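This report concerns only the one structure given below.
Naming convention: chains lettered A, B, ... in sequence-line order (proteins, then strands); numbering from 1 in each chain. Predicted model, so just to flag it, every value in this text is computed and none were measured.
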There are 2 protein chains.
Amino acid sequence: MHRGYDDPHCAIARSLEILGDGWTLMILREAFLGTRRFADFERHLRISKNVLSKRLAHLVDEGVFTKVDAGQFGARYEYRLTSKGKDLLTVFTALRQWGDRWVFGEEREPMLVHDRQTGSPILPVRIRRADGTPIPSRDLELRPGPGASDAQLERWHASQDD
Amino acid sequence: MHRGYDDPHCAIARSLEILGDGWTLMILREAFLGTRRFADFERHLRISKNVLSKRLAHLVDEGVFTKVDAGQFGARYEYRLTSKGKDLLTVFTALRQWGDRWVFGEEREPMLVHDRQTGSPILPVRIRRADGTPIPSRDLELRPGPGASDAQLERWHASQDD
DNA sequence: CAGTATCCTCGCAGATACTG
DNA sequence: CAGTATCTGCGAGGATACTG
């Protein structure tokens with residue numbers, strides 16, 4: 001399919017090339033809820049062995065999971081999120097907040113992520129501007145501004161033409 | 001397929017039921033880059049009319065886009081992000097930041113979103129804890145803590161058993 | 001338990017042609 | 001320009017059986 005991969009410089013396109021598949025995203029959500037074993041992913045997600053195996057292998061390939069022998073000498077493995085994988089917390093947090101706001105209309109369950117050093121839970125997580133002020137999500141406007149690149153400006157103006 | 005929709009209370013599962021399709025996510029990315037017209041989505045993404053039409057209609061149904069007659073009396077329409085759609089900025093920002101960090105290793109192009117009232121660009125966006133401190137993304141740990149629900153604790157302990 | 005090996009089917013996505 | 005209608009294929013995903 002090669003979705004919009006005309007643009008190899010777009011971080012989102014590249015990221016979605018790795019993650020942008022329905023099952024992969026659900027597997028990662030499951031991982032953030034604490035699941036680590038093959039059989040548990042299989043049962044919770046009701047996904048076929050075949051597909052699960054492929055997706056997990058792919059994510060290990062991409063460095064999102066590590067496969068760890070959990071001490072049962074081949075009879076039991078664990079898929080653990082790497083730093084790269086855990087860093088997707090932000091993506092899933094954003095997704096969860098969106099769903100809470102627009103699908104449910106309330107705040108809901110957090111995920112199980114903690115700071116290893118302090119031991120304190122990384123919650124609640126909020127998405128803010130760099131200066132700490134919240135984003136006025138209901139009053140946003142799309143147009144090019146000071147931060148826009150030449151490529152963006154070009155595309156923008158092309159969109160305005162007939 | 002009904003991916004993991006065993007859990008209708010999970011905001012992420014529900015959100016992905018709406019968005020969790022490769023093309024849909026790419027269409028939204030494109031919208032955040034300023035694209036609004038059918039032909040432009042078609043050309044930039046190199047997607048077939050058929051699929052594009054279905055996805056756009058679905059997103060209009062879900063209230064993510066509004067379809068606006070752009071004054072050419074049926075000869076020209078625009079798909080504009082609603083508030084619900086614009087609020088996905090956080091999801092794509094998180095995705096872009098992840099890609100920048102783990103795929104490219106640098107900070108890159110922002111999107112074209114502005115505050116309508118102040119007129120200033122909503123950038124840079126960062127994901128923080130509620131108290132404003134940054135998240136130590138490389139040193140996270142997965143385990144249940146004070147914020148965990150009963151359902152999460154149950155699932156967690158089940159994962160630890162043989 | 002954690003997969004691989006086959007087989008099979010359904011529907012997603014592309015191509016093309018047509019319409020208001 | 002912005003779609004709908006139709007046809008077609010191919011591959012993702014499920015089911016089942018088997019293995020270390």
ask   = Name the stems that DNA chain C belongs to, where each is three or more consecutive Watson-Crick or G-U pairs with both distances under 3.5 Å?
value = C:1-20 with D:1-20
message = Please report the distance, rounded to the nearest Å, between CZ in B:Arg46 and P in C:dA13.
response = 16 Å
request  = Return the value, rounded to whole Å, for the distance between atom CG of A:Asp69 and atom C1' of C:dG3.
outcome  = 14 Å
ask   = From B:Leu52 CG over to B:Met26 CE, what is the distance, rounded to the nearest 0.5 angstrom?
value = 12.5 Å
query = Could you give the distance from OG1 (B:Thr66) to CD (B:Glu78), rounded to the nearest 0.5 Å?
reply = 10.0 Å
task = Provide the closest heavy-atom pair for A:Ser15 versus B:Trp98 in the form atom of the first, atom of the second, distance.
result = OG-CE3, 3.6 Å
query = Quick one: ring-ring contact (aromatic ring centres under 6.0 Å, His included) partners of A:Phe92, sequence neighbours excluded?
reply = A:Phe32
key: Criterion side chain to side chain contact (heavy atoms under 4.5 Å, CB included) on B:Leu81 and B:Asp87, from CA distance to verdict   = CA-CA 9 Å; B:Leu81 291 166; B:Asp87 203 24; over 6 Å; no
ask   = Do you know which two heavy atoms are closest between B:Lys84 and B:Gly63, and how far apart they sit?
value = CB-O, 3.6 Å
query = Does the pair A:Arg76 and A:Phe38 meet the rule for a side chain to side chain contact (heavy atoms under 4.5 Å, CB included), with working shown?
reply = CA-CA 9 Å; A:Arg76 177 168 166 179; A:Phe38 190 95; over 6 Å; no
request  = Please state how far atom OH in A:Tyr77 lies from atom P in D:dG20, giving the value in whole angstrom units.
outcome  = 14 Å
ask   = Heavy-atom distance under 4.5 Å between the side chains of A:Arg29 and A:Leu45, does that happen here?
value = yes
Nucleotide N/O of nucleotides 8-11 of chain D paired with protein N/O under 3.5 Å:
none

note = Separation of D:dA2 atom C1' from B:Arg37 atom CZ, nearest Å, is 10 Å
request  = Find the distance A:Leu45:CG to D:dG14:P and express it as a whole number of Å.
outcome  = 10 Å
inquiry  = Per the salt bridge (charged side-chain N to carboxylate O under 4.0 Å, His left out) rule, what does the pair list look like for residues 49-60 of chain B, sequence neighbours excluded?
reply    = B:Asp21-B:Arg55, B:Glu42-B:Lys49
key: side chain to side chain contact (heavy atoms under 4.5 Å, CB included) partner of B:Tyr79, chosen from B:Lys67, B:Glu30, B:Arg37   = B:Lys67
N/O to N/O distances under 3.5 Å, protein versus nucleotides 5-10 of chain C:
from, atom 1, to, atom 2, distance (Å)
C:dT6, O4, A:Asn50, ND2, 2.8

Proximity to DNA chain C (any heavy atom under 4.0 Å), residues of residues 51-59 of chain B only = B:Val51, B:Arg55
request  = Check every strand shown and say whether B:Phe41 touches a base, only sugar-phosphate, or nothing at a heavy-atom separation below 4.0 Å.
outcome  = nothing
request  = Kindly indicate, with the supporting measurements, whether the criterion salt bridge (charged side-chain N to carboxylate O under 4.0 Å, His left out) is fulfilled by B:Arg36 and B:Asp40.
outcome  = CA-CA 7 Å; B:Arg36 295 194 281 206; B:Asp40 290 333; over 6 Å; no
request  = Measure the CG-CG distance between B:Leu59 and B:Leu28 for me, rounded to the nearest 0.5 Å.
outcome  = 5.5 Å
inquiry  = Once rounded to the nearest 0.5 Å, what's the spacing between atom CG of B:Leu95 and atom OG1 of A:Thr90?
reply    = 8.5 Å
task = Give the rounded distance in Å between these two atoms: CD of B:Glu42 and P of C:dA15.
result = 11 Å
query = Could you state the CD1-C1' distance from A:Ile47 to D:dA15, rounded to the nearest angstrom?
reply = 14 Å
query = Does a side-chain N or O from B:Tyr79 land closer than 4.0 Å to OP1 or OP2 of D:dG3, or not?
reply = yes
query = Rounding to a whole Å, what distance do you find between A:Phe38:CZ and C:dC1:P?
reply = 11 Å
remark   = dist A:Trp23:CH2 -> A:Leu56:CG (nearest 0.5 Å) comes out at 12.0 Å
